[in-house]
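Only heavy atoms go into these numbers, but all of them, side chains included; no hydrogens, no water, no symmetry mates. Each ligand, and each atom within it, is numbered from 1 in the order the structure gives.
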Amino acid sequence: MWDRLLTDCHVATMDPAVPGAFGAIEDAAVGIQDGRIVRVGRRVELAGYRAQRVEPLGGAWVTPGLIDCHTHLVFGGNRAHEFEQRLEGATYEEIARAGGGIASSVKATRLASREELVEQARPRLHALMRGGVTTVEIKSGYGLDLPSEIKMLEAAKALGEGEPVRVVPTLLALHALPPGEEREAFISLAVNEMIPAAAEAGLAQAVDAYCEGIGFAPDEVRALFEAAAEHGMRVKLHAEQLSNMNGAALAAEFGALSADHLEHADEAGIAAMAKAGMVAVLLPGAFYALRETKKPPVDLLRRYGVPIAIATDCNPGTSPVLSPTLMLSMACTLFHLTPEEALAGMTVNAAKALGLEKEIGTVAAGKAADLCVWRVSRPAELSYWIGHPGPEKRIVGGEDS
Ligand SMILES: [Zn+2]
């Protein structure tokens, strides 16, 4: 006997093996046992099975739980005051000179205890969960020294342990040069100390960097990625956001999980990503908040068959986004994705961007029972509403939450 049988529902499986839009199965049922999906199919096909709990859902739609595969959710303080200053006419440069910008987040993050970081991040995590998130990636990168980066990763882990959500921590070793720090010394710290420490403590699933004119150069990222490979860690990269630094191709050389942002990516970079089996993570919240006009090359990504993921990029500076469903909407409206592509971007493709495609991301037998139940008439509603408030029910590992 199964633990649960969700029935009288429609399922957007997002499983490429299921034909049709959204991999949809109408008039469906889902069997759950020991936290995993054991069977999904037409209701009539599952009619012979018994379960401890049989739950008719009254025609609701079931989707995989949403996966937010790119966030900077843990940080000290926030930058709402700078937002006000900018709207009153202050420039980024003036704010930075007065100690604002990323430097202010670094300062607040360093000053906060691990527990304070957890408690400050918790309401942001709750907001994402209310929107349907069942797995969230969280990057370090506001500590910029060894103890503070480790503290951030520990905070991300502790945050996940206290909540019904899967947290995937990433070491963002090269995010920004800390104020007053010498360049070479900082790269050396990231390569020779941060990576070994994070790897040894098992605190990060992957290593990330910001490859940009105002961030780090390709040869600096290469040194970091070589160290990551030595320690058996996968990599991903903030690439081609404000200019083309050939970061996507560099990431592909190292078999990266994903390249993220990609507004300025060119065909050679995308071809390299396709060959390496990488995911393109698009971040419409940052595009919107920065009032960018250059859109990521979605047609090229489609042509080369690069899976597209969508994420909030929740961070205090360039993407203070707390709604995953708003990203589904913006992916369609700003980047011209279809609602099906947008939902794939926060389910099946986001799982791949985290290397978790065998575990989560589709409603399929064998996967973890991470599901959302939505009171909508069709899955396109998730991106049609501009910031849908979220599912009626979230299920994580087979349990309601
Ligand atoms: Zn980011």
Side-chain angles (χ1 to χ4, degrees), residues 67-76 78-79 92 101-106 109 121 124-125 128 133 135-144 149 152-153 155-156 167-177 190 194 204-216 221 224-225 228 234-243 245 247-248 250-251 256-265 278-290 292 294 296 308-324 326-327 330-331 334-335 345-346 349-350 353-354:
I67 299 166
D68 195 352
C69 68
H70 181 141
T71 87
H72 308 251
L73 199 71
V74 169
F75 52 84
N78 69 54
R79 310 229 290 264
Y92 278 99
I102 193 164
S104 75
S105 293
V106 171
T109 301
R124 297 191 281 272
L125 177 65
L128 295 181
V133 166
T135 295
V136 58
E137 185 256 18
I138 301 179
K139 299 177 197 296
S140 68
Y142 291 111
L144 307 183
E149 286 294 300
M152 286 190 73
L153 292 172
V167 167
V168 182
T170 299
L171 173 66
L172 176 48
L174 296 181
H175 190 195
L177 192 64
M194 285 183 193
Q205 309 295 314
V207 174
D208 196 350
Y210 185 48
C211 186
E212 192 54 72
I214 57 166
F216 293 89
V221 174
L224 184 80
F225 282 4
R234 302 290 302 268
V235 296
K236 42 179 52 228
L237 188 63
H238 291 67
E240 272 72 285
Q241 182 189 12
L242 306 172
S243 63
M245 310 270 293
L250 172 65
L257 290 162
S258 67
D260 303 35
H261 286 293
L262 294 174
E263 278 84 344
H264 291 259
M278 289 166 61
V279 176
V281 180
L282 306 185
L283 305 167
F287 177 90
Y288 167 82
L290 292 170
E292 293 288 346
K294 178 138 174 68
I308 298 172
I310 303 295
T312 62
D313 192 16
C314 178
N315 77 66
T318 58
S319 188
V321 169
L322 295 174
S323 167
L326 180 59
M327 296 303 97
M330 284 188 176
L334 299 175
F335 296 164
M346 295 202 86
N349 294 344
L354 297 177

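Among heteroatoms of the N, O or S kind in His72, NE2 lies nearest the Zn ion (ligand 1). Take the N/O/S atoms of Asp313: the one nearest the Zn ion (ligand 1) is OD1.
The aromatic rings of His238 and His261 are tilted relative to each other, their planes meeting at an angle between 30° and 60°.
Using a 4.0 Å cut-off between a side-chain N of Lys or Arg and a carboxylate O of Asp or Glu, Lys236 and Asp208 do not qualify as a salt bridge.
At least one N, O or S atom of His238 sits under 2.8 Å from the Zn ion (ligand 1).
Figure legend: Arg234 and Phe225 shown without cation-pi pairing, the cationic atom not lying both under 6.0 angstrom from the six-membered ring centre and within 45 degrees of its axis.
Residues Ile310 and Val281 are not in side-chain contact: their nearest non-hydrogen atoms beyond the backbone lie 4.5 Å or more apart.
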